[in-house]
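Keep in mind the model is a prediction, meaning the values are calculated, not measured.
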Amino acid sequence: MTTKSVDDNKFLDATTTTTLDKDKIRLSAIVWKRRSGFGKLSYSKAWERRKVILQGSKLFYFKMADNEQQQQQQHDGTNLEEKEASWFDQMAQNLEKVSWLPAENDPSAPRGYFDLYKEGTTVAASSGHSGAPSPFAISIKIKSDTVWKLCFDSHAVQMEWLAALTDAVVTASVDSYNANLLLAADPNHEATMFESEYLPPPGSRDAGTQLWMTGSYRVSSVGDDRVPDKKGVEMEMETETAATSTSSLLLDNEENVDRWILQEQDVRNLLIIVNAALISSRASLSNPQSFWYILTFCNVVLGYYLVRGYKKRSTASAPAVEASIGRAAVAAHKEIIIEEDEEVPTGFKPKAGSTTVKLEHPEDSPEIDGQIFGAWCAPPGESLAVRSQGYLTTKEKIPSPGELYDCSNVDIFESPHRYPDMARRVELPSAVFEGEDPETKTWHAPDVFVVSVALPTDPPSMRSSSNDGGGFTITMYFTMKQETRDILRRVTAEGYDPLQEPTPDDVQKSKVNAVKLFNEYCRRAPTDPSFQSRFKLVANAQNLKEIGMPSWISKYNGKPVLIKRAGETGFLFEHLERSCMEFDVSFHPFPYLAKHAISYMKDKFFKQVVVTFGFVIEGRSDDELPECVIGLMQLCYPNPVYAIQAKDFFAGTCPTSF
């Protein structure tokens, strides 16, 4: 008896119990799956959330439970109310509900599955098509026909699944091949009519005996994490570190190798000299003595320009986050490459905020002793809109109840590449709280919170993308407010009872939930990429209409941007000894259109704009709402002409505002 899977038109054996061994599950995730049959022709519901599991060479998918689907929709920020279906969509849904054959009623059973190897599948990255939720998709094909199409939330997850699916097919193929090879090496095995009969190897005395032998070998995947977990999280961290090292060797296996090299700037001079020597040699071929003089001269010149060295690159460990689907996320150390021209922090550290001037009003002059600096103001937190209490049902936003941190300093400079982890490069502002013993601190939120934004201003290329390049770095240094500290002390005290919390006159103006959420973020984000991805940046310009900003740019004004890709667009750094945490936002990996907009604004609109940058941790339940701005800063008419260069800033040779 067979049962037909409604979604993928595959026949499953109803008498066979499909069980999942949790110890052998390689990947598990909630992804978008394109519906099959008439469902894929739907205009608004061609893609549905499904739980997908890869076990061995078998790929399963399950229908999500109602509570899982609701949580996932809240996580994605999508509207919980379904869109009104068209008559065509409704017809497709009704046709899919027809049960042509008896089906299993077990909700925990997979809706469909197939064996990647036995079905002879191929997997390939694709752009999704058919109104896909994202361009990060994978097509799974059998005999050139697409049977499944999966769509992922990020490029990193897509690549992880693509590698795992490909590895599963290859591993199953190698296992099957090895089994046949062992039969071929068995002298007692008699080949059937469907098997190949191998000739004996060269040198075999008995042609009737198969003496082919297999050798010992080991096959492993780069970054393969399928190792017995004997030491818990420590073993996982060690595996991640080893995988990172292996990847580095594969990318550049000649790094730091001592060898003779020719400097690029010397190539031109050497070519001129060699050509002149050859011409002279040609003119004096009749004189052998002159030829040997010229040959000796060329060798001396070549030896002069050749130098002995190696590719100089220094590394610095920086905390980053690696996400691993199907197992606990663990913290790893990601290697940050510091190029030769980058100023590595030495004995000199510039003072934070010495490249800008704080103004009372945006129209005030930023000039000090004839030098024009970058200028900024500290607007009230109420100037930005955030999610209200009850937002999940009302979808209403309100002015922020205030801010949790004060902006004390700002740095702005131009550089040919990114400068990560600014907190270790500068002399941080002090955060002193009188009458308090630091040993009594019971919370995770830092005294100083740094946010650094890297804006790419080099014209982007449509042919290639880059995670680094020229641009501006805007670094904001926030210090904790006394009100925030008082709330932290109260809600983290031993024996704290939330039910005893005083009821505010207006719940929409309470900061308690936002303070608790930010403290939880500081605790979990360094090791939990999903929690780290709740960091939101809000950029709101006040005068776009007055300066004539194009609508294709201004329509995104004031809309929050979730920094989801840990280790790619968002970087978290901790400095516990200084009670400091830093979050870096890099727009370099952003799409072409976004980088083109920034490059376009640099030349035409930067010096005319007044823009407010605010930062929020996204609240996703009523006990995390209303949201409250962590900190904000208003940038006033930044003119690229007067931008301070990074190399001068870190060398201490640039003008300073104090």
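- E624 and R534 are joined by a salt bridge, as a carboxylate oxygen and a charged side-chain nitrogen come within less than 4.0 angstrom of each other.
- Remark: K141 pairs with no residue by the side-chain hydrogen bond (donor to acceptor under 3.5 Å, both in side chains) rule, at least two apart or across chains.
- Under the rule for a side-chain hydrogen bond (donor to acceptor under 3.5 Å, both in side chains), S586 has no partner lying at least two apart in sequence or in another chain.
- A search for side-chain contact (heavy atoms from CB on, under 4.5 Å) contacts involving H575 returns D421, A423, R424, F573, E577, R578, C580, not counting sequence neighbours.
- Among residues two or more places apart in sequence or in another chain, the side-chain contact (heavy atoms from CB on, under 4.5 Å) test is passed with A156 by S154.
- Checked against side-chain hydrogen bond (donor to acceptor under 3.5 Å, both in side chains), Q158 has no partners two or more places apart in sequence or in another chain.
- Listed by chain and residue number, K536 satisfy the salt bridge (charged side-chain N to carboxylate O under 4.0 Å, His left out) test with E627 (two or more places apart in sequence, or in another chain).
- The shortest heavy-atom contact between D584 and P420 is OD2-CA, 3.5 Å.
- Applying the side-chain hydrogen bond (donor to acceptor under 3.5 Å, both in side chains) rule to S139 yields the partners S126; only residues at least two apart in sequence or on another chain are considered.
- Remark: F518 engages Y405, F449 in a ring pair (Phe, Tyr, Trp, His ring centres under 6.0 Å) (not counting sequence neighbours).
- Qualifying ring pair (Phe, Tyr, Trp, His ring centres under 6.0 Å) partners for F587, counting only residues two or more places apart in sequence or in other chains: F590.
- Evaluation of the side-chain contact (heavy atoms from CB on, under 4.5 Å) rule for V538 yields L384, P560 as partners, not counting sequence neighbours.
- The ring pair (Phe, Tyr, Trp, His ring centres under 6.0 Å) search around F583 returns F535, not counting sequence neighbours.
- Remark: K58 pairs with F60, Y113, D115 by the side-chain contact (heavy atoms from CB on, under 4.5 Å) rule, at least two apart or across chains.
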